[in-house]
Asks: 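One structure, as structure tokens, below. Some questions next.
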Amino acid sequence: MKKSKKIIFANWKMKLGLKETFDLAKGIKEKFKDFDNGKIVVCPNFVPLLEVKKILKDSNIMVGAQNVFWETRGSYTGEISPLTLVEAGCEYVILGHSERRKFMMENYEMIHRKIKAIMAVEGLTPIVCIGENWDERKTDRRDFVLYDQIQQALSGIDIAANQEIVVAYEPIWAIGSGTAIEPSEAEYAHKIVRLTLNDMFGMKVVNENFKIIYGGSINSKNVKSFTGLEDLGGLLVGGASLDPEEFYKVAKATLI
Ligand code: 13P
């Protein structure tokens, strides 16, 4: 069977304790043991990372982180270096999630610095989160917001031929709401993202080095209406990734 090029990311946020994280990793490993049709990446928080990596040894499931700092070493108390993430076996890192933008005051200047730092390190791929809030959506400012976020995050970033950047469109108003947006609306937003990227990097680079994915209340019931979207490179899944059975159904429906 031809492998799907799509990627499914599980963002476990700060929803689990250590034992719960390990149990979930074991459950997902078991559930996906015969699954070889695309990439699955789980993103626990920092403390359980090494153990999760160990648990997932001899499986196809990769590990990502939920954040990183923009320097590789130095006096930055409480921060994590991209080099440490690579040493820990991480292959992806979520950047600028809307929850960090909201609670940690992370902005796109910081996200830009983080992307730059990651691109300079071998073996790490950034998942750059963008998305409008409800107010911006309601007042028809979404297109500009997405354009502006992408410009701020990615202007002047050098991409080597073998490097990839994942752009995750996560409308803030859909995250954790239990209701995903209309697939046609996601398709429209993805088009805006692609056109903006085309303008900045050219179509060839965008086709070869970028993936555009959707996140926001995806579950096993609504996932099928997203899988056929023209520009969908994968999904960033929150709540539905906390149950192996539910996560498996989402992955199975997407990675066909
Ligand atoms: P939910 O799937 O729980 O809405 O979370 C989405 C998300 O924020 C993934 O990063």
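Since the model is a prediction, treat every value here as computed from it, not as a measurement. Counting convention: from 1, in listed order, for ligands and their atoms alike.
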Asks: Gly238 to ligand 1: N or O pair under 3.5 Å?
Replies: yes
Asks: Checking the N or O distance criterion of under 3.5 Å, is ligand 1 in contact with Ile175?
Replies: no
Asks: Can a side-chain donor-acceptor contact be found between Tyr188 and Arg142 if the only test is distance below 3.5 angstrom?
Replies: no
Asks: Is a salt bridge present between Glu208 and Lys204, judged by a nitrogen-to-oxygen distance below 4.0 Å?
Replies: yes
Asks: Run the salt-bridge test on Glu91 and Lys39 with the 4.0 Å N-O cut-off and return the result as yes or no.
Replies: no
Asks: With the threshold set at 4.0 Å, does a side-chain nitrogen-carboxylate oxygen contact exist between Asp158 and Lys116?
Replies: no
Asks: What are the two closest heavy atoms between Met110 and Met105, and how far apart are they?
Replies: SD-O, 3.8 Å
Asks: Going by the order shown, which atoms of ligand 1 are within less than 4.0 Å of some heavy atom of Glu170?
Replies: 6 (C), 7 (C), 8 (O), 9 (C), 10 (O)
Asks: Output yes when the distance from some N or O of ligand 1 to some N or O of Gly176 is under 3.5 Å, and no in every other case.
Replies: yes
Asks: Mark up the atoms of ligand 1 that fall under 4.0 Å of a heavy atom belonging to Asn11, in ascending order.
Replies: 9 (C), 10 (O)
Asks: Is any side-chain heavy atom of Val86 closer than 4.5 Å to one of Glu122?
Replies: no
Asks: Among protein heavy atoms, which lies nearest atom 3 (O) of ligand 1, and at what distance?
Replies: Gly239 N, 2.8 Å
Asks: Exactly one of Asn45, Ile80, Leu49 should register a side chain to side chain contact (heavy atoms under 4.5 Å, CB included) with Gln66. Which one does?
Replies: Asn45
Asks: Can you list the ligand 1 atoms lying under 4.0 Å from a non-hydrogen atom of Ser217?
Replies: 1 (P), 2 (O), 4 (O)
Asks: Are any of the N/O atoms in Lys13 less than 3.5 Å from those in ligand 1?
Replies: yes
Asks: Consider ligand 1: state whether an atom of it lies below 4.0 angstrom from any non-hydrogen atom of Gly216.
Replies: yes
